[in-house]
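The structure appears right after this line, and notes come after that.
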There are 2 protein chains.
Amino acid sequence: MSDGSMRRGMGWSTMADVAREAGVSLMTVSRVYKRPDSVAQRTREKVLETGRRLGFSPNSIAGNLASGRTSMIGIVVPSLRNSNNATSIQGMADYLRQASYHFMIANTGYSMEDEAAVVKAFMQRRPDGMVLTGTRHGHETIDLLKAAHMPVVETWETRGPFIDMATGFDNYEAARRITRHLVDRGYRTIGYIDYPAIGLDRYLERLRGLKDELGSAGLEPTSVVSPLDAGDLYQDASSFRGGALGLRKLQEASRDIDAVLCASDILAVGVLFECQRQGVRVPDQLAVAGFGDFEIAAEVPPGLTTIRTHGYQIGWNAAEMLVTRINQPRAEIPLRDVGYDLVVRGSS
Amino acid sequence: MSDGSMRRGMGWSTMADVAREAGVSLMTVSRVYKRPDSVAQRTREKVLETGRRLGFSPNSIAGNLASGRTSMIGIVVPSLRNSNNATSIQGMADYLRQASYHFMIANTGYSMEDEAAVVKAFMQRRPDGMVLTGTRHGHETIDLLKAAHMPVVETWETRGPFIDMATGFDNYEAARRITRHLVDRGYRTIGYIDYPAIGLDRYLERLRGLKDELGSAGLEPTSVVSPLDAGDLYQDASSFRGGALGLRKLQEASRDIDAVLCASDILAVGVLFECQRQGVRVPDQLAVAGFGDFEIAAEVPPGLTTIRTHGYQIGWNAAEMLVTRINQPRAEIPLRDVGYDLVVRGSS
DNA sequence: TTGTAAGCGTTATCAA
DNA sequence: TTGATAACGCTTACAA
């Protein structure tokens, strides 16, 4: 910051100030900060030195307006507290950072109306791309994004239709896989604790996978409970308790359950805790399995059998696909399936 | 989107398009979208209807440039995966949303150089305010923010000096409080497992509090270990393992430890898991205490004694202070101490 | 209540 | 390699 360079609202010096001080044209200053190589070294150094002296910081808002590009991504997630999301957000953050993009982020609280509102609000800032969680969205949201030709990546699922691009894994197959594991291990009466949020496709897919797999094994359909409860949903963090609650519900529903599959590791760990309190031995009296392979799954005794998802990779992919498409608007970018892994531990 | 309204880079209609179609001036359209009440109802309806028809969405980039305000906040955190941060981020998100602000967020990976780079990059987008985590920052960062007269809130600590505003709690006193609890319970040889990241003031404060409290109780200084390990630090999530590792280090250092205090609940839960694996009874053979009161603290058997921090409130406060200051640049906004609570559970 | 004029600080474009 | 000029789409300030 300096002398006579104060302007209106802010106290920033501008390119014009630097240009005048350095005795070059506005455009030269612009070039120095945007594509330094396109300016002669002597000129560049003079300009940079002047810029430093004036405390100049390029105003990207102005640049955005002039160029029509913002280098900004909008990210929409159901919750900011969900550690699953956190991992994929970190993946996006890491990719975007090295690509010189920033991102704004908002949560919808699992509500489609809120999602629509967020997307609409984000659009006014003209992001270069947008990342959504899941594949189920309101018509308004979809129409808006499509009409604007906004590059969009939907995450965590691989079953379309998609607005534009997608990366994730097959929740249905993953659920079948871990169910098959339980069946192979000899468990016959498998309870399911659903995610405490309604209507998310990826959780519906998991449940469907479980049911189909049990069906093809000739087993009775499972007993399904959900610890759904407004408080839980809003807090989102409170899912250990949800798992404990779910186990109790299952126990009420039928006494002879020998395994419990949970829609997430957090729920499953809650089940393990409840078993410990009840003196139920895992896996002898009850097997437990989760979904996600969060860090705790490996650490909680006796180790939680689960499906490892690749959240970080999903985030990284999403960002990479977006940036690719931004730079090559006509590129056809196919679905990226990051897969999943069955991880067997002591709980089964 | 419509007919002849396609423009340069983007395909958006502009206020000028709407104005022409609706037969009013540009300013009237602007007013309709910014302060609807300042326009006659008939006019307003006509403009809105036209806007809808043209798929008009106000370009806030242009608005920002003209008005010198962005309604954008920059948030800088050490890690996006840390659930402690997640809670306070949610607090900010909730406040900012109702105040019609958006935010961009970036993580520094606990590095001051990265923090400086992030702050510098954010500044180019001219946010209306900035939130930093902690109170220790590089000179460059501090000078930049001060020179720009950027409203800034530092979070999670209450000991200055501050760049501008701050909200948090007294980590030193909180650590003394929970240490006193352990001492009162009769524990005499208290080990400490430090946070696996170096030089963060709030963790240094916690350790200092522990030492001072032990000192005034006339007890031997504690045995301190840190599960520090590059992998842990980078992943940040891997702290359950850090707790287990820390316990083993403590056990090697001295056999007669009867209590362990941890710099975070995650570490403490890792200790509980390790105790379970080793067959160590908690709290009979070893008491365990954490810091944070994450959801798991209440759920893990036998319940974790800990310090409840008010992360959501910290986030909410930070956002509120920022918005207040933005609207009243000369307002003196004092430190907001959200306090802490000792929560005693079965582990002690 | 509505309109006119003058920027806001950059970048695209074309020319030198 | 550098420069002149015209946008970019909106808001502020003032006028009617």
Side-chain angles (χ1 to χ4, degrees), chain A residues 5-47 50-51 54-72 123-126 128 148, chain B residues 5-47 50-51 54-72 123-126 128 148:
Chain A
S5 60
M6 297 290 177
R7 285 295 179 103
R8 201 154 89 156
M10 331 264 72
W12 298 95
S13 12
T14 70
M15 281 189 176
D17 297 329
V18 177
R20 195 183 326 108
E21 284 282 320
V24 297
S25 82
L26 189 57
M27 266 320 291
T28 299
V29 180
S30 174
R31 288 192 183 100
V32 165
Y33 287 92
K34 264 219 117 194
R35 298 194 300 113
D37 296 340
S38 68
V39 173
Q41 189 187 341
R42 274 200 53 180
T43 318
R44 182 173 57 225
E45 278 165 6
K46 185 175 56 182
V47 168
T50 310
L54 298 187
F56 172 68
S57 161
N59 180 332
S60 36
I61 295 293
N64 297 162
L65 181 60
S67 70
R69 294 190 39 170
T70 55
S71 300
M72 176 70 83
M123 294 290 270
Q124 301 194 355
R125 295 191 188 260
R126 302 293 191 268
D128 288 341
Chain B
S5 60
M6 296 292 177
R7 285 295 182 104
R8 202 153 90 157
M10 333 262 71
W12 299 92
S13 9
T14 70
M15 280 191 177
D17 297 329
V18 177
R20 196 183 325 108
E21 283 283 318
V24 298
S25 80
L26 189 58
M27 264 320 291
T28 299
V29 179
S30 174
R31 290 190 182 102
V32 164
Y33 287 93
K34 264 218 118 193
R35 299 193 301 113
D37 297 340
S38 67
V39 173
Q41 189 187 342
R42 276 202 51 182
T43 317
R44 182 173 56 224
E45 278 165 7
K46 185 175 56 182
V47 168
T50 310
L54 298 188
F56 173 69
S57 161
N59 180 331
S60 36
I61 295 292
N64 297 162
L65 181 60
S67 69
R69 293 189 41 168
T70 55
S71 300
M72 176 70 83
M123 294 292 269
Q124 301 194 354
R125 295 190 188 262
R126 302 294 192 267
D128 287 341

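Below, read A as the first sequence line, B as the second, and so on, with proteins coming before strands; counting in each chain starts at 1. These figures come from a predicted structure and were not determined experimentally.
For the segment residues 27-35 of chain B, residues with any heavy atom less than 4.0 angstrom from an atom of DNA chain D are, sorted by number, B:M27, B:S30, B:K34.
Distance, A:D37 CG to D:dT2 P: 12 Å, rounded to whole Å. For A:R126 and D:dG9, the CZ to C1' distance is 9 Å, given to the nearest whole Å. Regarding B:R42, its CZ atom lies at a distance of 11 Å from the P atom of C:dT2, rounded to whole Å. Per the geometry, CZ belonging to B:R20 stands 15 Å off P belonging to C:dG3, to the nearest Å. Atoms CE (B:M15) and C1' (C:dT4) sit 16 Å apart, rounded to a whole Å. B:D17 places its CG atom 13 Å from the C1' atom of D:dC10, with the value rounded to the nearest Å. Distance CG (A:N64) to C1' (C:dC8): 13 Å, rounded to an integer number of Å. Rounded to an integer number of Å, the gap from B:L65 CG to C:dT11 P is 12 Å.
Taken to the nearest 0.5 Å, the OG atom of B:S60 stands 11.5 Å off from the CE atom of A:M123. Summarising the geometry, atom OG belonging to A:S71 is positioned 6.0 Å from atom CZ belonging to B:R125; distances are rounded to the nearest 0.5 Å.
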Donor-acceptor pairs are to be reported for all side-chain atoms of residues 30-41 of chain B against protein atoms at under 3.5 Å, with residues two or more places apart or in another chain.
unit_1	atom_1	unit_2	atom_2	d
B:S38	OG	B:R35	O	2.7
B:Q41	NE2	B:E45	OE2	2.9

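The residue A:T43 sits close only to the backbone: its heavy atoms come under 4.0 Å of sugar-phosphate atoms, none of a base. Using a 4.0 Å heavy-atom distance criterion, A:I61 is classed as making no nucleic acid contact.
Closest contact between the side chain of B:S25 and the listed nucleotides C:dG3, D:dG3, C:dT10 involves C:dG3. Distances from the side chain of A:T14 to the nucleotides C:dT10, D:dC10, D:dG3 place C:dT10 closest. When distances run from any side-chain atom of B:S67 to the nucleotides D:dT12, C:dG9, D:dC10, the shortest one goes to D:dT12.
Along DNA chain C, the nucleotide nearest to B:G23 and the one nearest to A:L26 differ in position, and the one closer to the 5' end is contacted by B:G23.
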Pair B:T14-B:N59, side chain to side chain contact (heavy atoms under 4.5 Å, CB included): steps then yes or no: CA-CA 8 Å; B:T14 70; B:N59 180 331; over 6 Å; no

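A:T50 contributes no side-chain N or O that, together with a main-chain N or O of A:E21, makes up a donor-acceptor pair within less than 3.5 Å.
Here the closest heavy-atom approach between residue A:A16 and residue A:L26 is recorded as N-CD1, 3.4 Å.
Under the rule for a side chain to side chain contact (heavy atoms under 4.5 Å, CB included), the partners of B:T70 that lie at least two apart in sequence or sit in another chain are A:I61, B:N64, B:M72, B:R126, B:D128.
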